[in-house]
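The structure appears right after this line, and notes come after that.
Read the numbers this way: they start at 1 and go in the same order the structure lists the ligands and their atoms.
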Amino acid sequence: MKFSFQLQKKCCNTQARAAIYSTPHGIVETPRFMPVGTIAAVKGITPNQLKNTEVQMILANTYHLHLQPGESIIKKAGGLHKFMHWDGPILTDSGGFQVFSLSKLREISESGVTFRSPKDGRIIKLTPEKSIDIQNALGADVIMAFDECPPGNADYQIVESATNRTYRWLKRCIQAHNRVEDQALFGIVQGGTFPQLRLQAISSLIELNLPGYAIGGVSVGEDSSLIQDIVQFSAPLLPENKPRYLMGVGTYKEIAMAIASGIDLFDCVIPTRFGRHGTALVAGERWNLKNSKFREDFRPLDEKCTCYTCLNFTRAYLNHLVRSQEMLGYTLLSLHNITELVKFTQDIRKSILNNSFTEDFKSWLT
Ligand code: GUN
Ligand code: ZN
């Protein structure tokens, strides 16, 4: 069997769980943070460097890879894993969400989404079938259903119609999926901030007996406290014996709270985006390494961290690199930030196995 999800432990009167998710390209010990490699590259980081951070699974994006270089080239290269030289698990997002956030002139209809390529002005249409075709050609271990994610402030009618359409599109995705053996297709729960719609979406998704489920439509402009409410309500309703993935989240607190609600997988661009802006995640805080207070600070970036950056470089050196806009500065900061968030989820995993999660992480859980 190429995929399995083995629950190891639940803990502390919460929904928190530790599990092992096995994929064709290796295991993911959950809960675990997944860094984003949108264009088949985790920005500024080599796969070798990534391996040393204990990252297990990474993301890539259908939308970006379809525009450039195109899935046929990646298929000819032997698939995404070979093309980018990453032999661990990969998940691809389906593209719909990125069309909405990144392209102008989009038009949505029952058949799919039409938009103008920001690269060369071509008119492109993504449909559920097309998204799955592309994802089948890319060959990631986990692929995502093509969904419609309305903005966080959308009213009930709009969210309801997007949620219903997402369900109809999901059934088309299932029909189109040609690599059931070695690619797990996850369904995405939409429903915005409306519990009734979330419940309805989850009930209909569960009947389709998919190999995994994601909660989408969060962190799209709504308040952070609403994110927690949605996740707390939705995650426990999903099947216990399948992986649960919270899309596009996020911060230490959101991750800790979501794990307490029963989420297993996370992704977010924060570590790499912050890294490129000279910001480091240290001890739950955000540090701007440009700050002149670091000019003569010869301590490691994070004295408790054992990543390559923190073992070998000082705050003063990173301050110098960032001020000089040297690429290496961004690489070293991204490397630390990724290590930091992966470690955060690894530490939570250990505390779940040790039955001490709510005690060890109480500062994040209130
Ligand atoms: N990434 C973050 N949120 C979402 C979502 O709702 N749908 C998809 N496809 N990707 C996402
Ligand atoms: Zn570090």
Side-chain angles (χ1 to χ4, degrees), residues 34 36 38 45 49 52-54 59-64 91-102 113 126 128 131-132 134-135 140 142-152 154 159 162-163 165-166 169-170 173 185-193 197-198 201 205 213-222 227 230-231 234 245-250 254 258 263 265-271 274-275 279-283 285 287 289 299-315 317-318 331-344:
M34 308 180 285
V36 178
T38 300
I45 315 258
Q49 290 168 320
N52 290 328
T53 66
E54 303 196 26
L59 252 76
N61 266 306
T62 299
Y63 170 86
H64 296 81
L91 179 153
T92 44
D93 198 359
S94 52
F97 183 77
Q98 286 74 31
V99 172
F100 282 95
S101 51
L102 298 172
V113 185
L126 275 182
S131 170
I132 297 298
I134 299 168
Q135 294 187 83
V142 174
I143 66 176
M144 300 305 299
F146 190 71
D147 59 332
E148 181 183 351
C149 176
V159 180
T163 306
R165 178 171 276 156
T166 293
W169 282 359
L170 171 60
C173 288
L185 170 62
F186 281 22
I188 303 177
V189 177
Q190 292 291 343
T193 55
L197 293 178
R198 291 276 172 187
L205 255 70
Y213 293 91
I215 298 178
V218 293
S219 211
V220 285
E222 75 286 22
I227 298 180
I230 297 165
V231 176
S234 307
Y245 160 36
L246 179 59
M247 308 189 83
V249 168
E254 286 163 358
I263 296 289
L265 295 167
F266 303 86
D267 78 284
C268 187
V269 294
I270 280 182
F274 277 21
T279 301
L281 301 171
V282 179
E285 297 173 353
W287 289 6
L289 262 294
R299 287 175 289 180
L301 173 60
D302 177 345
E303 291 175 291
K304 294 206 179 104
C305 179
T306 56
C307 82
Y308 175 73
T309 304
C310 293
L311 285 182
N312 299 294
F313 304 94
T314 64
R315 297 171 192 176
Y317 181 63
L318 292 166
T331 293
L332 293 175
L333 288 178
S334 298
L335 207 50
H336 164 77
N337 289 345
I338 289 170
T339 307
E340 170 70 11
L341 275 195
V342 171
K343 174 112 192 328
F344 184 67

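No hydrogens or angles considered: a donor-acceptor pair under 3.5 Å links the side chains of Gln135 and Ser131.
Expressed to the nearest 0.5 Å, how far CD1 of Ile143 lies from CZ of Phe186 amounts to 10.5 Å. Atom CG of Leu281 and atom CG of Leu301 lie 9.5 Å apart (nearest 0.5 Å).
Listed by atom number, the atoms of ligand 1 under 4.0 Å from Gly216 heavy atoms are 5 (C), 6 (O). For ligand 1, the atoms closer than 4.0 angstrom to any heavy atom of Ser94 are 9 (N). Per-residue contacts place Cys149 under 4.0 angstrom from the following atoms of ligand 1 (heavy atoms of the residue considered): 6 (O).
Not a single donor-acceptor pair under 3.5 Å links the side chain of Thr92 to the backbone N or O of Ala60. Using a distance-only test at 3.5 Å, with no hydrogens or angles considered, no donor-acceptor pair links the side chain of Asp267 to the main chain of Val36.
Counting only heavy atoms of the protein, atom 3 (N) of ligand 1 lies nearest to Phe97 CE1, 3.5 Å. Nearest protein neighbour of atom 7 (N) of ligand 1, counting heavy atoms only, is Asp147 OD2, 2.6 Å.
Geometrically, ligand 1 and Asp93 share a nitrogen or oxygen pair separated by less than 3.5 Å. Considering backbone and side-chain atoms alike, Val218 places every N or O at 3.5 Å or more from each N or O of ligand 1.
When SG of Cys305 and SG of Cys307 are joined through the Zn ion (ligand 2), the resulting angle is 110° to the nearest 10°. The angle that His336 ND1 and Cys310 SG make at the Zn ion (ligand 2), rounded to 10°, works out to 100°.
Judged as a salt bridge (Lys or Arg N to Asp or Glu O under 4.0 Å), and not counting sequence neighbours, Glu340 has no contacts.
A 4.5 Å side-chain heavy-atom check between Leu335 and Asn52 finds every atom pair outside the cut-off. Here the side chains of Leu318 and His336 are not in contact, with every heavy-atom distance at 4.5 Å or above.
Residue Gln190 touches ligand 1 through its side chain alone, judged by heavy-atom distances below 4.0 Å.
At a 4.0 Å cut-off, at least one heavy atom of Gly217 sits close enough to ligand 1 to count as contact.
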